[in-house]
Amino acid sequence: CLTSFECFNTKGSYLCTCPPGYQNRTGLCQANVPPEIKGSKTAFIVKVGEPSAYQFSVIDDRDSYDVGVVGDIPSGSNLTNDQGIYIFTWILQQIQNISLTFYAVDSLNATAQLSIPVLICACQNGGNCTLNRLIDVGIKSVVMMCECSKAYNGTFCEKDRNGCLEASCFTG
């Protein structure tokens, strides 16, 4: 063994044991490090009623690992893996205050986490969300304001604008 940890003679070879939190790498006990987890974006923008996706990667060259979502997995969501590239897909049905944290944990319980702010867009009728103005800053997520077309108004562009209020309309 190349370290001062316990070694046992196994008749022609040696078995090296490592203390908790260390891994045996060909006779050398090395400190375990958690997997590396990296997100593709700094925030997850979710539009109510439409599919949304967030991509992140996990790397751990030394060990196997498990990946998941911390806490309750949002209803209607799915997490898939393609060789260390994970894609979280979700259809948010209504505005809700939600946090999103992914984790990767190796076989020795070293854990890495990636917390992503959730930005919710609830604009209707072709309205566009804007980060310049925010409606609600919750503890976990943010609802963005809408920029409505001329035909609609309301917080989420949900009201048909009556054009006759601003200018006279001809009857007939």
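The shortest side-chain heavy-atom distance between Phe44 and Ile98 does not fall under the 4.5 Å cut-off. By the 4.5 Å heavy-atom criterion applied to side chains, Pro34 and Thr111 are not counted as neighbours. The shortest side-chain heavy-atom distance between Ile95 and Phe156 falls under the 4.5 Å cut-off. The shortest distance between side-chain heavy atoms of Ile87 and Asp82 does not fall below 4.5 Å. At a threshold of 4.5 Å between non-hydrogen side-chain atoms, the residues Leu79 and Phe56 count as touching.
Hydrophobic clustering (ILVMFWY, side-chain heavy atoms < 4.5 Å, transitive): Ile37 and Val33 are in distinct clusters. When the side chains of ILVMFWY residues are joined at heavy-atom separations under 4.5 Å, either directly or via intervening members, Leu100 and Val105 end up in two distinct hydrophobic clusters.
Scanning both residues, Ile120 and Val48, for their nearest heavy atoms gives CG2-CG2, 3.9 Å. Nearest heavy atoms, Val69 versus Tyr103: N-CE2, 3.6 Å. In plain terms, the two heavy atoms of Pro35 and Tyr65 that are nearest each other are CG-CB, 4.1 Å. Ser77 and Trp90 make their closest contact through CB-CD1, 3.8 Å (heavy atoms, listed as atom of the first residue, atom of the second, distance). Across Val58 and Ala104, no two heavy atoms sit closer than the pair CG1-CB, 3.8 Å. Residues Met144 and Ile45 come closest through the heavy atom pair CE-CG2, 3.8 Å.
Pairs of residues two or more places apart, or lying in two chains, that qualify as salt bridge (charged side-chain N to carboxylate O under 4.0 Å, His left out) and include a residue from residues 38-56 are Glu36-Lys38.
Between Asn125 atom CG and Cys148 atom SG the span is 8.5 Å, to the nearest 0.5 Å. Atom OG1 in Thr101 sits 8.0 Å away from atom CG in Leu114 (nearest 0.5 Å). Separation of atoms OG (Ser52) and CD1 (Ile91) is listed at 8.0 Å; rounding is to 0.5 Å. A distance of 3.0 Å separates OG of Ser107 from CG of Asp63, quoted to the nearest 0.5 Å.
Here Ile85 is tied to no hydrophobic group at all, with no ILVMFWY side chain closer than 4.5 Å.
The aromatic rings of Phe88 and Phe102 sit perpendicular, their planes meeting at an angle over 60°, well past the 30° parallel limit.
At least one donor-acceptor pair closer than 3.5 Å links the side chain of Asn97 to the backbone N or O of Ser141. No donor-acceptor pair under 3.5 Å is formed between the side chain of Asn153 and the backbone N or O of Arg161.
When the SG-SG distance for Cys146 and Cys129 is compared with the 2.5 Å cut-off, it comes out at or above that value.
Side chains of Tyr86 and Asn81: a donor-acceptor N/O pair is present below 3.5 angstrom, by distance only.
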